[in-house]
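Data first, discussion second: the structure below is written as C-alpha coordinates.
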Amino acid sequence: MSAETGQLRIAVVDDSAVTRMLVAEALRDATAVSVVASLSDGEEAVAFLEREPVDVVVLDVEMPGMGGIEALRQIKKAWPTTSVVMLSGLSRRKAALTLEALATGASDFVTKPSRSANWEDARRQLQEALLPRLSALESKTELGPTAPLAIRGKKRSRRGPSRSGAAAVGIAVSTGGPAALEVVAAGLPSWLSVPILVVQHIPEAFVVPLAERLARSCLLPVRVATDGEAVSGGGIWLAQPGRHLRVARLGDQVVAIMDDSEPRNHCRPSGDVLFESLASELGASSYGVVLTGMGRDGVSGARAIVAAGGEVVIQDRETSVVWGMPGAVAAEGLASEVLPISQVPAAIARWSLEAVPASNRAALEG
(Lines give C-alpha, C1' and ligand atoms only; values in the text may rest on other atoms or scores of the structure.)
Protein backbone atom coordinates (compact mmCIF):
# COMPACT_ATOMS: atom_id res chain seq x y z
CA MET A 1 0.00 0.00 0.00
CA SER A 2 1.26 3.44 -0.87
CA ALA A 3 2.49 5.24 2.25
CA GLU A 4 1.71 8.59 0.63
CA THR A 5 -1.86 7.95 -0.49
CA GLY A 6 -2.99 4.98 1.63
CA GLN A 7 -4.18 3.28 -1.57
CA LEU A 8 -3.79 -0.31 -2.69
CA ARG A 9 -1.46 -0.40 -5.69
CA ILE A 10 -2.97 -2.57 -8.45
CA ALA A 11 -1.35 -4.02 -11.58
CA VAL A 12 -3.71 -5.30 -14.28
CA VAL A 13 -2.34 -8.04 -16.55
CA ASP A 14 -4.34 -9.22 -19.58
CA ASP A 15 -3.50 -9.71 -23.25
CA SER A 16 -6.70 -7.85 -24.17
CA ALA A 17 -6.28 -4.09 -24.12
CA VAL A 18 -10.08 -3.76 -23.88
CA THR A 19 -10.18 -5.88 -20.73
CA ARG A 20 -7.35 -3.86 -19.16
CA MET A 21 -9.21 -0.63 -19.92
CA LEU A 22 -12.41 -2.12 -18.51
CA VAL A 23 -10.75 -3.11 -15.22
CA ALA A 24 -9.14 0.32 -14.91
CA GLU A 25 -12.52 1.97 -15.50
CA ALA A 26 -14.16 -0.30 -12.95
CA LEU A 27 -11.63 0.79 -10.31
CA ARG A 28 -11.28 4.42 -11.37
CA ASP A 29 -13.70 5.91 -8.83
CA ALA A 30 -12.56 3.80 -5.89
CA THR A 31 -10.60 6.06 -3.56
CA ALA A 32 -8.85 3.15 -1.80
CA VAL A 33 -7.18 1.68 -4.89
CA SER A 34 -4.90 2.92 -7.64
CA VAL A 35 -4.17 1.11 -10.92
CA VAL A 36 -0.44 1.73 -11.38
CA ALA A 37 0.26 -0.62 -14.32
CA SER A 38 -1.53 -2.02 -17.36
CA LEU A 39 0.45 -4.99 -18.71
CA SER A 40 -0.15 -7.35 -21.61
CA ASP A 41 1.48 -10.62 -20.50
CA GLY A 42 3.24 -12.50 -17.73
CA GLU A 43 6.73 -11.43 -18.75
CA GLU A 44 5.76 -7.77 -18.56
CA ALA A 45 4.17 -8.34 -15.16
CA VAL A 46 7.26 -9.98 -13.65
CA ALA A 47 9.55 -7.32 -15.12
CA PHE A 48 7.35 -4.53 -13.76
CA LEU A 49 7.21 -6.02 -10.27
CA GLU A 50 10.99 -6.24 -10.22
CA ARG A 51 11.01 -2.43 -10.58
CA GLU A 52 7.93 -1.45 -8.58
CA PRO A 53 6.10 -3.42 -5.87
CA VAL A 54 2.32 -3.63 -5.92
CA ASP A 55 -0.25 -4.90 -3.43
CA VAL A 56 -2.51 -6.81 -5.82
CA VAL A 57 -2.11 -8.22 -9.32
CA VAL A 58 -5.32 -8.72 -11.32
CA LEU A 59 -4.15 -11.47 -13.65
CA ASP A 60 -5.71 -13.08 -16.73
CA VAL A 61 -5.75 -16.85 -16.34
CA GLU A 62 -4.78 -17.59 -19.94
CA MET A 63 -2.48 -15.46 -22.14
CA PRO A 64 -0.01 -16.00 -25.01
CA GLY A 65 3.61 -16.35 -23.96
CA MET A 66 3.89 -16.61 -20.19
CA GLY A 67 0.37 -17.55 -19.19
CA GLY A 68 -1.43 -16.76 -15.98
CA ILE A 69 -0.43 -19.91 -14.09
CA GLU A 70 3.31 -19.52 -14.74
CA ALA A 71 3.16 -15.79 -14.02
CA LEU A 72 1.36 -16.56 -10.77
CA ARG A 73 4.03 -19.06 -9.75
CA GLN A 74 6.81 -16.56 -10.35
CA ILE A 75 4.96 -13.75 -8.60
CA LYS A 76 4.19 -15.80 -5.47
CA LYS A 77 7.75 -17.13 -5.33
CA ALA A 78 9.41 -13.71 -5.60
CA TRP A 79 6.73 -11.61 -3.86
CA PRO A 80 4.79 -13.97 -1.55
CA THR A 81 2.84 -11.19 0.18
CA THR A 82 1.45 -9.84 -3.11
CA SER A 83 -2.17 -10.89 -3.55
CA VAL A 84 -3.31 -12.18 -6.95
CA VAL A 85 -6.90 -12.10 -8.22
CA MET A 86 -7.45 -14.11 -11.39
CA LEU A 87 -9.58 -12.96 -14.33
CA SER A 88 -11.40 -15.97 -15.76
CA GLY A 89 -13.87 -16.89 -18.45
CA LEU A 90 -16.76 -19.27 -17.90
CA SER A 91 -15.66 -22.18 -20.10
CA ARG A 92 -14.78 -25.55 -18.55
CA ARG A 93 -11.17 -25.04 -19.61
CA LYS A 94 -10.94 -21.59 -18.01
CA ALA A 95 -12.64 -22.92 -14.87
CA ALA A 96 -10.11 -25.75 -14.55
CA LEU A 97 -7.19 -23.32 -15.05
CA THR A 98 -8.63 -20.96 -12.46
CA LEU A 99 -8.96 -23.75 -9.90
CA GLU A 100 -5.33 -24.64 -10.58
CA ALA A 101 -4.42 -21.00 -10.00
CA LEU A 102 -6.25 -20.96 -6.67
CA ALA A 103 -4.39 -24.10 -5.61
CA THR A 104 -1.12 -22.44 -6.70
CA GLY A 105 -1.62 -19.38 -4.50
CA ALA A 106 -4.11 -16.99 -6.08
CA SER A 107 -6.31 -15.36 -3.46
CA ASP A 108 -9.51 -15.19 -5.48
CA PHE A 109 -10.96 -14.84 -8.96
CA VAL A 110 -13.59 -12.88 -10.83
CA THR A 111 -15.26 -13.84 -14.08
CA LYS A 112 -15.07 -11.61 -17.10
CA PRO A 113 -18.32 -10.00 -18.26
CA SER A 114 -20.18 -11.62 -21.12
CA ARG A 115 -19.12 -10.43 -24.57
CA SER A 116 -22.72 -9.44 -25.18
CA ALA A 117 -22.67 -6.93 -22.30
CA ASN A 118 -22.38 -3.27 -23.22
CA TRP A 119 -19.46 -1.23 -21.85
CA GLU A 120 -21.32 0.25 -18.90
CA ASP A 121 -22.85 -3.07 -17.82
CA ALA A 122 -19.48 -4.79 -18.15
CA ARG A 123 -17.77 -2.05 -16.13
CA ARG A 124 -20.41 -2.27 -13.40
CA GLN A 125 -20.15 -6.08 -13.24
CA LEU A 126 -16.39 -5.92 -12.78
CA GLN A 127 -16.68 -3.11 -10.24
CA GLU A 128 -19.19 -5.08 -8.16
CA ALA A 129 -17.00 -8.18 -8.32
CA LEU A 130 -13.59 -6.61 -7.75
CA LEU A 131 -14.11 -3.92 -5.12
CA PRO A 132 -15.38 -6.16 -2.29
CA ARG A 133 -12.56 -8.63 -2.96
CA LEU A 134 -9.89 -5.95 -2.92
CA SER A 135 -11.33 -4.50 0.28
CA ALA A 136 -11.38 -7.93 1.93
CA LEU A 137 -7.84 -8.73 0.83
CA GLU A 138 -6.65 -5.42 2.24
CA SER A 139 -7.96 -6.14 5.71
CA LYS A 140 -8.04 -9.99 5.73
CA THR A 141 -11.13 -9.59 7.94
CA GLU A 142 -14.45 -7.79 7.79
CA LEU A 143 -14.84 -7.60 11.57
CA GLY A 144 -12.34 -4.92 12.50
CA PRO A 145 -9.70 -5.03 15.23
CA THR A 146 -12.07 -4.54 18.16
CA ALA A 147 -14.38 -7.49 17.40
CA PRO A 148 -14.47 -10.25 20.04
CA LEU A 149 -12.62 -13.32 18.78
CA ALA A 150 -12.71 -16.95 19.79
CA ILE A 151 -9.42 -18.41 20.98
CA ARG A 152 -7.87 -21.06 18.79
CA GLY A 153 -8.27 -24.52 20.27
CA LYS A 154 -10.47 -23.36 23.15
CA LYS A 155 -13.48 -25.64 23.28
CA ARG A 156 -16.94 -24.53 24.26
CA SER A 157 -18.52 -26.87 26.81
CA ARG A 158 -20.52 -29.55 25.04
CA ARG A 159 -24.18 -29.90 25.82
CA GLY A 160 -25.84 -33.06 26.98
CA PRO A 161 -24.52 -36.13 28.77
CA SER A 162 -22.99 -37.73 25.67
CA ARG A 163 -22.40 -37.25 21.97
CA SER A 164 -24.17 -39.33 19.36
CA GLY A 165 -21.70 -38.42 16.63
CA ALA A 166 -22.39 -36.86 13.27
CA ALA A 167 -25.15 -37.95 10.95
CA ALA A 168 -23.93 -35.37 8.43
CA VAL A 169 -21.44 -32.51 8.24
CA GLY A 170 -22.09 -29.23 6.45
CA ILE A 171 -19.34 -26.95 5.15
CA ALA A 172 -19.90 -23.29 4.21
CA VAL A 173 -17.08 -21.60 2.28
CA SER A 174 -16.54 -18.77 -0.18
CA THR A 175 -13.43 -16.71 -1.04
CA GLY A 176 -10.39 -18.98 -0.98
CA GLY A 177 -12.63 -22.01 -0.76
CA PRO A 178 -11.40 -24.27 -3.57
CA ALA A 179 -7.87 -24.40 -2.14
CA ALA A 180 -9.19 -24.88 1.41
CA LEU A 181 -11.50 -27.67 0.25
CA GLU A 182 -8.55 -29.43 -1.41
CA VAL A 183 -6.76 -29.53 1.95
CA VAL A 184 -9.88 -30.88 3.66
CA ALA A 185 -10.59 -33.48 0.97
CA ALA A 186 -7.00 -34.73 0.91
CA GLY A 187 -6.95 -35.13 4.69
CA LEU A 188 -10.12 -37.18 5.11
CA PRO A 189 -9.63 -40.89 5.94
CA SER A 190 -11.03 -43.59 3.67
CA TRP A 191 -13.10 -45.03 6.53
CA LEU A 192 -15.12 -41.83 7.07
CA SER A 193 -18.73 -42.85 7.58
CA VAL A 194 -20.65 -39.56 7.30
CA PRO A 195 -21.70 -37.47 4.29
CA ILE A 196 -20.12 -34.04 3.91
CA LEU A 197 -22.32 -31.45 2.19
CA VAL A 198 -20.56 -28.36 0.86
CA VAL A 199 -21.89 -24.93 0.00
CA GLN A 200 -19.13 -23.22 -2.00
CA HIS A 201 -20.05 -19.86 -3.53
CA ILE A 202 -18.91 -20.43 -7.10
CA PRO A 203 -20.19 -19.93 -10.68
CA GLU A 204 -22.01 -22.81 -12.34
CA ALA A 205 -19.22 -23.54 -14.83
CA PHE A 206 -16.81 -24.20 -11.97
CA VAL A 207 -18.64 -26.80 -9.89
CA VAL A 208 -17.97 -29.92 -11.99
CA PRO A 209 -14.27 -29.07 -12.47
CA LEU A 210 -14.06 -28.45 -8.71
CA ALA A 211 -15.64 -31.83 -7.95
CA GLU A 212 -13.23 -33.51 -10.36
CA ARG A 213 -10.25 -31.74 -8.83
CA LEU A 214 -11.25 -32.65 -5.26
CA ALA A 215 -11.82 -36.27 -6.29
CA ARG A 216 -8.22 -36.56 -7.47
CA SER A 217 -6.91 -35.84 -3.96
CA CYS A 218 -9.66 -37.51 -1.90
CA LEU A 219 -10.03 -41.13 -0.83
CA LEU A 220 -13.82 -40.70 -0.82
CA PRO A 221 -16.24 -40.10 -3.70
CA VAL A 222 -16.91 -36.47 -4.63
CA ARG A 223 -19.94 -35.41 -6.65
CA VAL A 224 -22.41 -32.62 -7.28
CA ALA A 225 -25.61 -33.19 -5.30
CA THR A 226 -28.83 -33.93 -7.17
CA ASP A 227 -32.40 -33.46 -5.99
CA GLY A 228 -33.74 -36.40 -3.99
CA GLU A 229 -30.38 -38.21 -3.88
CA ALA A 230 -29.67 -40.23 -0.74
CA VAL A 231 -26.52 -38.97 1.00
CA SER A 232 -25.05 -41.59 3.26
CA GLY A 233 -21.70 -43.04 4.19
CA GLY A 234 -18.46 -41.28 3.50
CA GLY A 235 -18.40 -38.86 0.60
CA ILE A 236 -18.52 -35.20 -0.41
CA TRP A 237 -21.55 -33.62 -2.08
CA LEU A 238 -21.23 -30.13 -3.57
CA ALA A 239 -24.25 -27.85 -3.79
CA GLN A 240 -25.43 -26.89 -7.25
CA PRO A 241 -24.66 -23.23 -8.01
CA GLY A 242 -27.83 -21.16 -8.14
CA ARG A 243 -29.84 -23.56 -5.92
CA HIS A 244 -29.97 -23.95 -2.17
CA LEU A 245 -29.01 -27.35 -0.77
CA ARG A 246 -31.09 -28.71 2.09
CA VAL A 247 -31.34 -32.13 3.68
CA ALA A 248 -34.43 -34.08 4.71
CA ARG A 249 -34.72 -37.26 6.75
CA LEU A 250 -36.86 -39.91 5.05
CA GLY A 251 -37.08 -42.94 7.31
CA ASP A 252 -33.52 -44.01 7.99
CA GLN A 253 -32.17 -42.07 5.00
CA VAL A 254 -30.92 -38.52 4.63
CA VAL A 255 -31.60 -37.06 1.19
CA ALA A 256 -30.47 -33.92 -0.59
CA ILE A 257 -33.16 -31.42 -1.56
CA MET A 258 -32.63 -28.67 -4.14
CA ASP A 259 -34.37 -25.44 -3.22
CA ASP A 260 -34.98 -22.47 -5.54
CA SER A 261 -36.19 -20.07 -2.82
CA GLU A 262 -34.82 -16.55 -2.52
CA PRO A 263 -31.08 -16.00 -1.85
CA ARG A 264 -29.88 -15.65 1.73
CA ASN A 265 -27.02 -13.26 2.50
CA HIS A 266 -27.07 -12.50 -1.24
CA CYS A 267 -26.10 -16.16 -1.77
CA ARG A 268 -27.76 -19.13 -3.43
CA PRO A 269 -26.71 -21.67 -2.37
CA SER A 270 -26.39 -20.41 1.19
CA GLY A 271 -24.57 -22.00 4.09
CA ASP A 272 -27.31 -20.77 6.42
CA VAL A 273 -29.96 -22.71 4.50
CA LEU A 274 -27.90 -25.91 4.59
CA PHE A 275 -26.97 -25.59 8.27
CA GLU A 276 -30.53 -24.77 9.36
CA SER A 277 -31.85 -27.85 7.56
CA LEU A 278 -29.18 -30.02 9.20
CA ALA A 279 -30.16 -28.69 12.62
CA SER A 280 -33.89 -29.15 11.96
CA GLU A 281 -33.62 -32.66 10.53
CA LEU A 282 -30.68 -34.13 12.48
CA GLY A 283 -30.65 -32.21 15.77
CA ALA A 284 -27.59 -32.93 17.92
CA SER A 285 -26.16 -35.09 15.13
CA SER A 286 -25.72 -32.00 12.93
CA TYR A 287 -22.23 -30.57 12.60
CA GLY A 288 -20.96 -27.53 10.73
CA VAL A 289 -17.68 -26.16 9.44
CA VAL A 290 -17.24 -22.53 8.32
CA LEU A 291 -14.19 -21.88 6.20
CA THR A 292 -12.62 -18.83 4.55
CA GLY A 293 -14.96 -16.36 2.85
CA MET A 294 -16.39 -12.86 2.68
CA GLY A 295 -19.61 -11.90 4.41
CA ARG A 296 -21.69 -13.56 7.15
CA ASP A 297 -23.13 -16.60 5.43
CA GLY A 298 -23.26 -19.44 7.94
CA VAL A 299 -23.80 -17.41 11.14
CA SER A 300 -27.55 -17.98 11.41
CA GLY A 301 -27.12 -21.64 10.48
CA ALA A 302 -24.31 -22.09 13.00
CA ARG A 303 -26.60 -20.68 15.67
CA ALA A 304 -29.26 -23.23 14.73
CA ILE A 305 -26.79 -26.14 14.89
CA VAL A 306 -25.49 -25.08 18.31
CA ALA A 307 -29.05 -24.60 19.61
CA ALA A 308 -29.89 -28.14 18.43
CA GLY A 309 -26.92 -29.54 20.40
CA GLY A 310 -24.54 -29.92 17.50
CA GLU A 311 -21.09 -28.43 17.07
CA VAL A 312 -19.44 -25.89 14.74
CA VAL A 313 -15.75 -25.36 14.06
CA ILE A 314 -14.23 -22.58 12.00
CA GLN A 315 -11.03 -21.96 10.07
CA ASP A 316 -8.56 -19.65 11.79
CA ARG A 317 -7.62 -16.17 10.62
CA GLU A 318 -4.04 -17.08 9.73
CA THR A 319 -4.91 -19.74 7.16
CA SER A 320 -8.01 -18.00 5.77
CA VAL A 321 -7.78 -15.89 2.63
CA VAL A 322 -10.56 -13.76 4.13
CA TRP A 323 -11.74 -14.19 7.72
CA GLY A 324 -15.20 -12.76 7.12
CA MET A 325 -17.47 -15.81 7.42
CA PRO A 326 -15.50 -17.71 10.09
CA GLY A 327 -14.74 -14.48 11.94
CA ALA A 328 -18.44 -13.62 12.10
CA VAL A 329 -19.18 -17.02 13.66
CA ALA A 330 -16.35 -16.49 16.16
CA ALA A 331 -17.70 -13.05 17.08
CA GLU A 332 -21.05 -14.63 17.98
CA GLY A 333 -19.37 -17.17 20.28
CA LEU A 334 -20.68 -20.09 18.23
CA ALA A 335 -17.42 -21.86 17.42
CA SER A 336 -16.32 -24.78 19.58
CA GLU A 337 -12.87 -24.67 17.99
CA VAL A 338 -10.87 -22.32 15.76
CA LEU A 339 -8.52 -24.44 13.68
CA PRO A 340 -5.92 -24.03 10.96
CA ILE A 341 -7.21 -25.58 7.75
CA SER A 342 -4.80 -28.53 8.11
CA GLN A 343 -6.60 -29.62 11.30
CA VAL A 344 -10.16 -29.46 9.97
CA PRO A 345 -10.13 -33.00 8.45
CA ALA A 346 -9.19 -34.46 11.86
CA ALA A 347 -12.14 -32.68 13.48
CA ILE A 348 -14.52 -34.15 10.89
CA ALA A 349 -13.00 -37.60 11.40
CA ARG A 350 -13.47 -37.26 15.17
CA TRP A 351 -17.15 -36.44 14.71
CA SER A 352 -17.52 -39.47 12.45
CA LEU A 353 -15.84 -41.74 15.01
CA GLU A 354 -18.24 -40.58 17.72
CA ALA A 355 -21.04 -42.24 15.74
CA VAL A 356 -19.16 -45.58 15.59
CA PRO A 357 -19.60 -48.14 18.40
CA ALA A 358 -16.59 -48.06 20.71
CA SER A 359 -15.77 -51.70 19.94
CA ASN A 360 -15.20 -50.82 16.26
CA ARG A 361 -13.23 -47.58 16.67
CA ALA A 362 -9.80 -49.09 17.25
CA ALA A 363 -9.92 -50.98 13.95
CA LEU A 364 -10.86 -47.82 12.06
CA GLU A 365 -8.25 -45.62 13.71
CA GLY A 366 -5.59 -48.24 13.04
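Quick note: residue numbers are just sequence positions, from 1.
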Inset, instruction - Please tell me if the side chains of V198 and I236 come closer than 4.5 Å, counting only heavy atoms from C-beta onward. - result: yes
Inset, instruction - Decide side chain to side chain contact (heavy atoms under 4.5 Å, CB included) for V254 and E281; before the verdict, give the C-alpha distance in whole Å, the side-chain angles of both, and the deciding distance to 0.1 Å. - result: CA-CA 9 Å; V254 176; E281 296 293 312; over 6 Å; no
Inset, instruction - Give the ring-plane orientation class for W351 versus Y287, where under 30° counts as parallel, over 60° as perpendicular and anything between as tilted. - result: tilted
Inset, instruction - Could you grab the distance from atom OG1 of T19 to atom CG of L126, nearest 0.5 Å is fine? - result: 8.0 Å
Inset, instruction - Keeping the roles fixed (side chain from T98, backbone from K94), state whether a donor-acceptor pair exists under 3.5 Å. - result: yes
Legend entry - Nearest heavy atoms of Q7 and A30, plus distance in Å: NE2-O, 4.5 Å
Legend entry - Shared hydrophobic cluster for I341 and L192 (ILVMFWY, side-chain gaps under 4.5 Å): yes
Inset, instruction - Group every Ile, Leu, Val, Met, Phe, Trp and Tyr by side-chain heavy-atom contacts under 4.5 Å, then state whether V344 and L210 land in the same group. - result: yes
Legend entry - Separation between OG1 of T111 and CE of M86, rounded to the nearest 0.5 Å: 13.5 Å
Legend entry - Residue pair P345 / V183: nearest heavy atoms and the distance that separates them: CG-O, 3.9 Å
Inset, instruction - Please answer: with hydrophobic residues joined when any side-chain heavy atoms are less than 4.5 Å apart, are V35 and W119 in the same cluster? - result: yes
Inset, instruction - Say whether, by atom type as modelled, one donor and one acceptor occur between the side chain of S83 and the main chain of V56 under 3.5 angstrom. - result: no
Inset, instruction - Establish whether L197 and L219 are linked, either directly or via other cluster members, by ILVMFWY side-chain heavy-atom contacts under 4.5 Å. - result: no
Legend entry - Heavy-atom side-chain contact between L90 and F206 under 4.5 Å: yes
Inset, instruction - Nearest 0.5 Å please: distance from the CG atom of L245 over to the CD1 atom of I257. - result: 9.0 Å
Inset, instruction - Give a yes or no on whether M258 atom CE has more than 12 heavy-atom contacts from other residues, nucleotides or ligands under 6.0 Å away. - result: yes
Inset, instruction - Determine, for R216 against E182, whether the closest basic-nitrogen to carboxylate-oxygen distance falls under 4.0 angstrom. - result: no
Inset, instruction - Please indicate whether E204 has more than 12 foreign heavy atoms, meaning atoms of other residues, nucleotides or ligands, lying under 6.0 Å from its CD. - result: no
Inset, instruction - Examine distances only and state if a side-chain atom of Q240 and a backbone atom of V224 form a donor-acceptor pair shorter than 3.5 Å. - result: no
Legend entry - R213 side chain near P178 side chain, heavy-atom distance below 4.5 Å: no
Legend entry - Value rounded to 0.5 Å, distance of CD in E70 from CD in Q74: 4.5 Å
Inset, instruction - Provide the closest heavy-atom pair for Q315 versus T319 in the form atom of the first, atom of the second, distance. - result: NE2-O, 2.7 Å
Inset, instruction - Treating Ile, Leu, Val, Met, Phe, Trp and Tyr as nodes and any side-chain heavy-atom pair under 4.5 angstrom as an edge, say whether V255 and V231 lie in one connected cluster. - result: no
Legend entry - Rounded distance [0.5 Å steps], CG in D15 versus CG in L39: 12.0 Å
Legend entry - R268 side, atom CZ; E262 side, atom CD - distance, nearest 0.5 Å: 6.5 Å
Legend entry - Minimum side-chain heavy-atom gap S40-R20 below 4.5 Å: yes
Legend entry - Charged N-O contact under 4.0 Å between R243 and D260: yes
Inset, instruction - Verify side chain to side chain contact (heavy atoms under 4.5 Å, CB included) between V23 and D14, making sure each step is shown before the conclusion. - result: CA-CA 10 Å; V23 173; D14 195 296; over 6 Å; no
Inset, instruction - Would you name the heavy atoms of G42 and M63 that are closest together and state the gap between them? - result: N-CE, 3.9 Å
Legend entry - Least distance between heavy atoms, L72 atom then A101 atom: CD2-O, 3.2 Å
Inset, instruction - Check the pair T292 / V173 against side chain to side chain contact (heavy atoms under 4.5 Å, CB included), numbers first and verdict last. - result: CA-CA 6 Å; T292 174; V173 60; 4.1 Å; yes
Legend entry - Closest heavy-atom pair and its distance - P113, L22: CG-CD2, 4.3 Å
Legend entry - Short side-chain donor-acceptor distance under 3.5 Å, D272 and S270: no
Inset, instruction - Any chance you could lay out the side chain to side chain contact (heavy atoms under 4.5 Å, CB included) test for E100 and L97, step after step, and finish with the verdict? - result: CA-CA 5 Å; E100 183 179 350; L97 285 171; 4.2 Å; yes
Inset, instruction - Could you tell me whether the side chain of I171 reaches within less than 4.5 Å of the side chain of L181, counting heavy atoms only? - result: yes
Inset, instruction - Using modelled atom types only, decide if a donor and an acceptor are shared between the side chain of K76 and the backbone of T82 within a distance under 3.5 Å. - result: yes
Legend entry - Residue pair E62 / S91, side-chain heavy-atom distance below 4.5 Å: no
